[in-house]
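See structure below.
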Amino acid sequence: MEMDLTPQLAKKIYVSDGGSYYSWSPKELPMLREGNIGAAKLALEKNGFALPRYSDSAKVAYVLQGNGVAGIILPESEEKVIAIKKGDAIALPFGVVTWWFNKEATDLVVLFLGDTSKAHKSGEFTDFFLTGANGIFTGFSTEFVGRAWDMDEASVKSLVKNQTGTGIVKLKDGVKMPEPKKEHRNGMALNCEEAPLDVDVKNGGRVVVLNTKNLPLVGEVGLGADLVRLDGSAMCSPGFSCDSALQVTYIVRGSGRAEVVGVDGKKVLETRVKAGNLFIVPRFFVVSKIGDPEGMEWFSIITTPNPVFTHLAGSIGVWKSLSPEVIQAAFNVDADLVKNFSSKRASDAIFFPPSK
């Protein structure tokens, strides 16, 4: 099975004085189309305002940098206005309308990963803007809009035509925007950098898993996620998703090496990865990573809301469960080697610290 898994950087799609929008193209990363996955990134400068929109895809948003405010309107629900910061994960089901605002000097950068199986274009998000030069109501006649909102023609023209920006605009200093409410965060966002750890290995790494238990909305999105922080020169055990899920990985920080092995023991990827890279591991393929001395951090979505992984090394690895006789026969080696093999990494789970 020939496939190109080469990690890719996002390309700028549009830019304004308020910020930029980036996306990964299925033409350059074919596994996006193959796996029905979309990936994009929003970067807002100070006073940058991402106009209200909805999408043809369910997504998970992850705040890569900065602090800001997000408005989220679930179908037939009131607007939730939440403060967002680095490390926040937000589940965005179908039909959700969102807006994003940054009033800080530091750029607000948000990653979007999602399911495009019902999208207009496989492997790509399509956003539908409620306002702006390409807003939905610019396509309707003033008669239709006027009757829908019970407004006169002059008011309709002013309302629809005054916002000439597209996608992202820059607001004036001092413009009043809704203040976030602490209670609105409940059930809407989870900070992966502050959440209880699911895995913690000294000098190895840490994992926080996003699932229906700590963020129930991911059940509606149909995606799980995890944040993995690998310590310097540590290794993440070879493993695979045992529930037929794809794994889409964005390198948040640092760099390192990654290898992926597929059908018939064929290595399909051996590469260096760095911050900003996105790559996809196909169903049942085995992936492993080793961080550079400064370590590496990545955020992944998995195409199931409650992902399950099987690891092939460490104390929870499948080899620890196999009897010595089966291992000896499977590898066709002597008993002493099997004993040595089985005793290695006995205390490690998912992460292996650097060898001393």
Side-chain angles (χ1 to χ4, degrees), residues 10-27 38-59 61 68-82 84 90 92-103 107-112 114-116 118-178:
K11 296 293 178 64
K12 190 177 292 184
I13 303 302
Y14 59 85
V15 62
S16 77
D17 56 355
S20 306
Y21 183 81
Y22 303 79
S23 182
W24 282 266
S25 168
K27 293 180 180 178
K41 202 161 50 170
L42 174 69
L44 295 180
E45 298 175 12
K46 184 178 180 181
N47 292 333
F49 177 45
L51 296 173
R53 68 198 68 194
Y54 64 92
S55 175
D56 62 357
S57 304
K59 307 172 185 175
V69 179
I72 303 171
I73 305 97
L74 296 168
E76 299 182 358
S77 299
E78 293 183 353
E79 179 185 56
K80 303 281 189 180
V81 181
I82 66 173
I84 57 174
I90 307 158
L92 303 173
F94 279 111
V96 168
V97 173
T98 63
W99 55 262
W100 310 81
F101 177 63
N102 178 28
K103 62 180 179 181
D107 285 2
L108 173 68
V109 184
V110 183
L111 173 72
F112 299 95
D115 174 18
T116 65
K118 298 179 181 178
H120 284 266
K121 299 177 182 178
S122 180
E124 297 182 51
F125 298 139
T126 299
D127 287 334
F128 295 81
F129 297 93
L130 301 191
T131 66
N134 60 344
I136 293 295
F137 288 98
T138 60
F140 283 100
S141 65
T142 53
E143 177 190 359
F144 271 69
V145 177
R147 293 186 64 175
W149 288 339
D150 192 22
M151 298 176 68
D152 61 71
E153 183 176 351
S155 296
V156 167
K157 287 183 178 180
S158 176
L159 196 63
V160 174
K161 303 293 185 182
N162 275 11
Q163 180 52 268
T164 57
T166 302
I168 300 170
V169 299
K170 185 170 184 176
L171 303 183
K172 295 179 180 179
D173 286 335
V175 168
K176 186 174 177 58
M177 293 293 284

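In this chain, numbering begins with 1 at the start of the sequence shown.
Here the NZ-CG distance, from K172 to N47, works out to 12.0 Å after rounding to the nearest 0.5 Å. With rounding to the nearest 0.5 angstrom, the CZ atom of F125 is 8.5 Å from the CG atom of D127. The structure places OG1 of T142 at 12.5 Å from CG of L159, a figure rounded to the nearest 0.5 Å. Between atom CD of residue E124 and atom CG of residue D56 there is a gap of 9.5 Å, rounded to the nearest 0.5 Å. With values rounded to the nearest 0.5 angstrom, T131 atom OG1 is found 4.0 Å from L51 atom CG. Rounded to the nearest 0.5 Å, atoms OG1 (T98) and NZ (K80) are 15.5 Å apart.
Partners of K12 according to the side chain to side chain contact (heavy atoms under 4.5 Å, CB included) rule, which considers only residues two or more places apart in sequence or in another chain, are V15, S20, Y22. In this view, E153 and K157 satisfy the side-chain hydrogen bond (donor to acceptor under 3.5 Å, both in side chains) rule, not counting sequence neighbours. For P178, the side chain to side chain contact (heavy atoms under 4.5 Å, CB included) partners are V81, W99, not counting sequence neighbours. Not counting sequence neighbours, S16 has no partner by the side-chain hydrogen bond (donor to acceptor under 3.5 Å, both in side chains) test. For D107, the side-chain hydrogen bond (donor to acceptor under 3.5 Å, both in side chains) test picks out no residue, with sequence neighbours left out. By the side-chain hydrogen bond (donor to acceptor under 3.5 Å, both in side chains) test, S25 pairs with no residue at all, sequence neighbours left out.
Put simply, the side chain of L42 does not reach to within 4.5 Å of the side chain of V109, judged on heavy atoms. Using a 4.5 Å heavy-atom cutoff, the side chains of V156 and D152 are not in contact. Taking 4.5 Å as the limit, some side-chain heavy atom of Y14 sits within range of a side-chain heavy atom of I168. Side-chain contact between T126 and S55: absent, with no pair of heavy atoms (C-beta onward) separated by less than 4.5 Å. In this structure the side chain of I73 never reaches within 4.5 angstrom of the side chain of E78, judged on heavy atoms. In this structure the side chain of V96 reaches within 4.5 angstrom of the side chain of I72, judged on heavy atoms.
Residue P93 comes nearest to L74 through the heavy atom pair CD-CD2, 4.1 Å, listed as atom of the first residue, atom of the second, then distance. Pairing each heavy atom of A133 with each of T164, the nearest pair is CB-O, 3.5 Å. The minimum heavy-atom distance linking G123 with P26 is given by the pair O-CG, 3.4 Å. Between W100 and A61, the closest heavy-atom pair is CH2-CB, 4.1 Å. Contact between V97 and P52 at its shortest, heavy atoms only, is CG1-CB, 4.3 Å. When all heavy atoms of D17 and E45 are compared, the closest pair comes out as O-OE1, 3.4 Å.
Looking at S77, its side chain does come within 3.5 Å of a backbone N or O of P75 through a donor-acceptor pair. At distances below 3.5 Å, not a single donor-acceptor pair connects side-chain atoms of D115 with backbone N or O atoms of A58. Checked by atom type and distance alone, the side chain of S158 never pairs as donor or acceptor with a backbone atom of S155 at under 3.5 Å. With hydrogens and angles ignored, the 3.5 Å screen pairs no side-chain donor or acceptor of R147 with any backbone N or O of V145.
For F140, the CZ atom sits in a loose shell: 12 or fewer heavy atoms of surrounding residues, nucleotides or ligands are nearer than 6.0 Å. Summarising the local packing, CG of D150 is surrounded by 12 or fewer heavy atoms from other residues, nucleotides or ligands at distances under 6.0 Å. Around the CZ atom of F128, the shell of radius 6.0 Å holds more than 12 heavy atoms that belong to other residues, nucleotides or ligands.
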Practice item. Show your working on side chain to side chain contact (heavy atoms under 4.5 Å, CB included) between K121 and T116 and close with a plain yes or no. Key: CA-CA 7 Å; K121 299 177 182 178; T116 65; over 6 Å; no
Review point. Run the side chain to side chain contact (heavy atoms under 4.5 Å, CB included) check on L171 and M177 step by step: do they pass?
Key: CA-CA 10 Å; L171 303 183; M177 293 293 284; 3.8 Å; yes
Exercise for review: Please test F101 against L108 for side chain to side chain contact (heavy atoms under 4.5 Å, CB included), starting from the C-alpha separation and ending with a verdict.
Suggested key: CA-CA 8 Å; F101 177 63; L108 173 68; over 6 Å; no
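Two rings, from F137 and W149, have their centers less than 6.0 Å apart.
Note that K41 lies outside the cation-pi zone of F112, set by a 6.0 Å cut-off to the ring centre and a 45° limit from the axis.
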